[in-house]
Amino acid sequence: MQERVNAKAQQTASAYGVSVSTLMSSFSSAGVVQDTSWDLMRFITDSRMRRRKEAEKVGYSEAKQLYEKKLKSLRDKLEQEKENASRQLKDYANLISKILAEIEDNQMKIADLEIALQEN
């Protein structure tokens, strides 16, 4: 593992025109890489955990957006159904009102006919 770190440090140093010792001392002072393999393993583990947490955060954000979109769609559909039901209920109420008015009218006619029959 240390050999890979040294090889990568040499590549980076030559790419940026700095010495390997300067690069390694900068990493050591920043706490990025030290001479022990445990610190390197901790660095790798921490970086993987950080990437995993970022990916989880992105995943949760996407799931939240999908959930909110679906919830809004269902709420809109519910409101539309309520409006349709309200219209239907109004239509039924009007129909019942007309039926009751006709029943009342027929009852009045029946009462008038019964009075007329009793007079004869």
Side-chain angles (χ1 to χ4, degrees):
M1 186 81 64
Q2 188 66 38
E3 290 175 17
R4 279 200 257 163
V5 169
N6 290 338
K8 193 64 172 175
Q10 284 181 337
Q11 285 178 347
T12 306
S14 64
Y16 289 101
V18 293
S19 69
V20 175
S21 61
T22 304
L23 186 64
M24 291 303 283
S25 67
S26 296
F27 283 153
S28 293
S29 66
V32 176
V33 176
Q34 293 181 359
D35 291 335
T36 63
S37 62
W38 287 110
D39 289 336
L40 180 61
M41 291 300 292
R42 186 178 311 129
F43 172 74
I44 292 170
T45 305
D46 289 347
S47 121
R48 285 182 181 168
M49 290 297 290
R50 203 172 25 255
R51 278 185 275 161
R52 185 178 305 141
K53 285 182 182 182
E54 289 172 3
E56 283 178 359
K57 190 183 290 186
V58 168
Y60 288 140
S61 176
E62 289 174 359
K64 180 182 175 185
Q65 289 174 351
L66 288 173
Y67 175 78
E68 288 174 346
K69 182 179 177 183
K70 182 66 173 178
L71 191 59
K72 183 183 180 323
S73 170
L74 289 173
R75 283 184 182 151
D76 291 345
K77 190 173 183 178
L78 177 62
E79 286 300 317
Q80 185 178 13
E81 290 296 324
K82 283 168 54 178
E83 288 176 17
N84 290 340
S86 180
R87 278 188 227 122
Q88 272 187 326
L89 287 175
K90 286 178 185 176
D91 291 343
Y92 289 145
N94 289 337
L95 182 62
I96 290 171
S97 178
K98 288 177 184 176
I99 291 171
L100 289 175
E102 190 153 336
I103 289 172
E104 184 181 329
D105 189 41
N106 286 334
Q107 284 179 338
M108 293 299 275
K109 287 179 185 177
I110 291 172
D112 287 341
L113 289 173
E114 283 179 355
I115 291 172
L117 283 175
Q118 286 178 0
E119 290 179 359
N120 287 336

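Please read these numbers as outputs of a predicted model, since none were measured by experiment.
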Q. Ile103, Leu95: one ILVMFWY side-chain cluster at the under-4.5 Å cut-off?
A.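 Yes, it is one cluster - the side chains of Ile103 and Leu95 are joined through contacts under 4.5 Å.
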Rounded to the nearest 0.5 Å, how far does [atom2] of [Y] lie from [atom1] of [X]?
{"X": "Glu104", "Y": "Asn106", "atom1": "CD", "atom2": "CG", "value": "10.5 Å"}
{"X": "Lys109", "Y": "Leu113", "atom1": "NZ", "atom2": "CG", "value": "9.0 Å"}
{"X": "Asn84", "Y": "Leu89", "atom1": "CG", "atom2": "CG", "value": "11.0 Å"}
{"X": "Ile110", "Y": "Asp105", "atom1": "CD1", "atom2": "CG", "value": "10.0 Å"}
{"X": "Ser86", "Y": "Glu79", "atom1": "OG", "atom2": "CD", "value": "11.0 Å"}

Q: Taking the side chain as every heavy atom from C-beta outward, state whether Ile99 and Glu102 have any pair of such atoms under 4.5 Å apart.
A: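 Heavy-atom side-chain distance check fails, nothing below 4.5 Å.
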Q. Which pairs, with at least one residue in residues 46-59 and sequence neighbours excluded, count as a salt bridge (Lys or Arg N to Asp or Glu O under 4.0 Å)?
A.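 Of all non-adjacent pairs touching residues 46-59, none passes salt bridge (Lys or Arg N to Asp or Glu O under 4.0 Å).
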Q: Name all pairs fulfilling the salt bridge (Lys or Arg N to Asp or Glu O under 4.0 Å) condition that reach into residues 83-95, sequence neighbours left out, sorted by first residue then second.
A: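 Of all non-adjacent pairs touching residues 83-95, those that pass salt bridge (Lys or Arg N to Asp or Glu O under 4.0 Å) are Glu83-Arg87.
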